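Heads up: the structure comes next, in structure tokens.
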2 protein chains.
Amino acid sequence: MNAAPILEPMVRKLELWGPLEEEDRAALLALPYTLREIPQQGYIVRDGDRPTHSCALLRGYAFRQKIVADGERQILAVQIPGDLVDLQNSLLPKADHSVQALTRVEVAYIPREPIVALAFERPAIGKLLWFDTLVDGSIAREWITNIGRRDAYTRIAHLLCEFALRLEKAGIGERDRYELPMTQEQIADATGLTAVHVNRTLRTMDESGFLTRDKRSVVIHDWARLAQAGDFSSGYLHFD
Amino acid sequence: MNAAPILEPMVRKLELWGPLEEEDRAALLALPYTLREIPQQGYIVRDGDRPTHSCALLRGYAFRQKIVADGERQILAVQIPGDLVDLQNSLLPKADHSVQALTRVEVAYIPREPIVALAFERPAIGKLLWFDTLVDGSIAREWITNIGRRDAYTRIAHLLCEFALRLEKAGIGERDRYELPMTQEQIADATGLTAVHVNRTLRTMDESGFLTRDKRSVVIHDWARLAQAGDFSSGYLHFD
DNA sequence: CGTAAAATTGACTGACTTCAAATTCGGTGG
DNA sequence: CCACCGAATTTGAAGTCAGTCAATTTTACG
């Protein structure tokens with residue numbers, strides 16, 4: 001292995017959930033993979049695919065999405081570097097949603113068998129992978145709640161809080177200043193709103209003074225108040 | 001083992017995801033557990049708990065829920081007999097939502113350690129447990145989509161389709177005739193609507209003629225049309 | 001500099017909510 | 001078997017948050 005192993009971001013993400021022995025870390029880094037670069041808007045996985053690989057996001061942002069009957073899109077999650085964007089495809093035979101590049105991304109496709117084998121040969125690894133899956137589920141449940149029972153303002157504030165903490169924890173960006181390369185239309189698709197209404201709501205948030213959105217960078221002036229406005233408590237992310 | 005092992009429903013559910021050797025099945029059935037009966041509306045797990053046990057639902061229905069700042073409730077999932085209602089608590093230290101009994105239920109509390117140990121001693125079991133977790137995640141994503149991007153009528157139709165297939169697959173009820181012990185208020189909390197609007201929407205569905213709801217029993221007269229109206233396709237359940 | 005995508009704004013609409021009251025249902029005790 | 005009571009359902013009227021449509025401005029970028 002050289003100084004900066006390619007799969008390092010993935011290992012770092014997994015180690016958020018618990019410590020790894022040096023041997024386990026080495027085993028993860030030694031997983032076979034195919035590196036690929038995918039342009040903005042390109043597909044990483046397509047709904048209905050029968051993937052032969054799982055996929056780790058090494059650089060850039062991606063999002064999961066589904067399309068409903070009338071053509072509208074729902075964004076299900078936003079993935080940041082280090083995320084295993086579709087660990088589910090290591091076991092589930094058929095992709096139940098698409099994963100698309102939000103920016104230009106670099107991904108490592110890892111064949112299913114070695115990753116599953118490793119999970120069971122080395123329980124420490126297996127537990128972290130499983131844990132990661134469970135946290136994904138927890139975030140999904142929080143999104144259900146966010147979309148189902150909060151108003152537009154609260155929803156967007158909540159989303160911005162989530163990104164702040166996840167990016168901070170991943171060592172990208174700070175809690176109160178980070179880059180979020182999403183258009184207002186994408187924020188709308190993530191929150192179950194329309195782009196027009198997101199625009200108006202963001203304006204109101206600007207005016208309330210505890211947040212600034214300039215181009216793609218978010219600056220949070222008063223974290224506590226934003227968190228309160230967004231009905232945000234970080235437990236569901238299962239940090240610490 | 002006697003004729004009808006207590007944990008049988010759980011094993012049966014897991015076997016939906018793949019076959020088990022007789023030895024593996026026996027190992028699952030031999031897991032230690034504490035049986036408990038919980039009255040309607042009683043809590044199985046409380047948001048914020050640090051549970052020491054996972055929990056299998058043996059009889060009756062339950063639902064997962066979160067409460068938002070203004071006191072409103074969002075139902076995140078409905079669990080049917082056989083479901084591992086909080087496998088996540090075998091690894092996650094803190095419950096991120098509550099699980100409550102929809103009817104009177106009988107549950108088996110299984111200590112965390114043996115279930116995790118079994119998962120790694122017997123990869124066949126581990127894979128099924130992990131698979132189960134992944135399907136849970138898939139269902140959560142479909143719920144995000146349902147609530148975020150479908151109108152009231154479609155949302156409710158979709159929910160009814162999901163229950164139909166899950167209950168059929170679990171061997172409880174039929175695809176076009178089953179018992180659903182949810183009040184309209186609970187349906188509202190599951191779909192991000194209000195009880196009043198659910199009432200009106202159900203009326204419209206009745207009038208359209210391909211569905212009847214009498215007390216707690218649902219009779220679907222035209223499955224194909226209901227599925228179409230509900231923008232329902234079963235892939236996300238990962239049956240077959 | 002030119003072009004397309006993204007953001008912004010205004011006027012209008014509507015799906016769903018809110019509030020409140022009436023009716024029906026389901027279970028319990030007499 | 002009936003009377004009763006709280007919960008659940010149903011209905012009506014009015015309100016609103018967010019959507020729709022369409023035009024304009026700004027931004028990104030080759």
Side-chain angles (χ1 to χ4, degrees), chain A residues 39-42 61 63 68 70-75 100-104 146-159 179-207 211-218 229 231, chain B residues 39-41 63 68 70-75 100-104 146-159 179-207 211-218 229 231:
Chain A
Q40 193 169 37
Q41 301 301 326
Y61 296 74
F63 59 91
V68 297
D70 65 4
E72 286 199 281
R73 170 176 70 171
Q74 177 65 46
I75 291 183
Q100 218 174 334
L102 190 53
T103 62
R104 199 163 61 88
N146 203 36
I147 295 171
R149 281 288 180 248
R150 296 193 182 111
D151 66 19
Y153 190 97
T154 313
R155 260 183 244 188
I156 295 176
H158 190 281
L159 190 74
E179 299 299 310
L180 182 67
M182 287 176 83
T183 66
Q184 293 181 4
E185 191 176 1
Q186 287 161 340
I187 294 175
D189 286 340
T191 48
L193 299 166
T194 57
V196 171
H197 198 59
V198 166
N199 183 281
R200 291 177 176 138
T201 308
L202 282 173
R203 163 158 310 281
T204 311
M205 288 178 70
D206 274 355
E207 284 163 2
L211 174 76
T212 313
R213 230 177 80 92
D214 175 40
K215 326 259 178 215
R216 293 294 136 86
S217 89
V218 175
D231 187 18
Chain B
Q40 193 169 36
Q41 300 301 324
F63 59 92
V68 297
D70 65 3
E72 287 198 280
R73 172 175 70 172
Q74 177 65 46
I75 291 182
Q100 219 173 336
L102 190 54
T103 62
R104 199 163 61 90
N146 202 36
I147 294 172
R149 284 287 180 247
R150 296 195 182 108
D151 67 17
Y153 191 97
T154 314
R155 260 183 244 188
I156 295 175
H158 190 283
L159 189 75
E179 297 300 311
L180 181 67
M182 287 175 84
T183 65
Q184 293 180 5
E185 190 175 2
Q186 288 162 340
I187 293 174
D189 286 339
T191 49
L193 299 165
T194 56
V196 171
H197 199 58
V198 166
N199 182 277
R200 291 178 177 138
T201 308
L202 283 173
R203 163 159 310 281
T204 311
M205 288 178 72
D206 273 356
E207 284 162 2
L211 173 77
T212 313
R213 228 178 82 91
D214 175 40
K215 328 261 178 211
R216 293 296 135 86
S217 90
V218 175
D231 187 18

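Everything numeric in this text was worked out from a predicted model, so none of it was measured.
Remark: P of C:dA15 and CZ of B:Arg155 are 13 Å apart, rounded to the nearest angstrom. Taking atom CD of residue B:Glu185 and atom C1' of nucleotide C:dT17, one finds them 14 Å apart after rounding to whole Å. To the nearest angstrom, P of C:dA5 lies 11 Å from CD of A:Gln41. Summarising the geometry, the separation between CG on B:Asp189 and P on D:dT9 is reported as 12 Å, rounded to the nearest angstrom. Counting to the nearest Å, the P atom of C:dT9 and the CD atom of A:Gln184 are 10 Å from each other. Distance, A:Ile187 CD1 to C:dA6 C1': 12 Å, rounded to whole Å. What separates CG of B:Asp206 from P of D:dT11 is a distance of 11 Å, to the nearest Å. Atom NE2 in A:His197 sits roughly 14 Å away from atom C1' in C:dG14 (whole-Å rounding).
Closest of all the heavy-atom pairs between B:Pro39 and B:Ala101 is O-CB, 3.5 Å. Residues A:Met205 and A:Ile156 approach most closely at SD-CG2, 3.9 Å, considering heavy atoms.
Both A:Arg213 and A:Arg200 lie close to DNA chain C; mapped to their nearest nucleotides by heavy-atom distance, the more 5′-ward contact belongs to A:Arg213.
B:His197 NE2 to B:Leu202 CG: the interatomic distance, rounded to the nearest 0.5 Å, is 10.5 Å.
A donor-acceptor pair under 3.5 Å is formed between the side chain of B:Asn146 and the backbone N or O of B:Arg155.
For the pair A:Asn199 and C:dT8, the criterion of a side-chain N or O lying under 4.0 Å from OP1 or OP2 is met.
The pair A:Arg149-B:Asp189 meets the salt-bridge criterion, since a charged nitrogen lies less than 4.0 angstrom from a carboxylate oxygen.
Side chains of B:Thr154 and B:Asp151: a donor on one and an acceptor on the other come within 3.5 Å.
B:Arg203 comes within 4.0 angstrom of the backbone, heavy atoms only, and of no base.
Counting only heavy atoms from C-beta outward, the side chains of A:Gln41 and A:Gln100 approach each other to under 4.5 Å.
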Detail all sub-3.5 Å separations between protein N/O atoms and N/O atoms belonging to nucleotides 22-28 of chain D.
from   : atom 1 : to       : atom 2 : distance (Å)
D:dA28 : OP2    : A:Lys215 : NZ     : 3.4

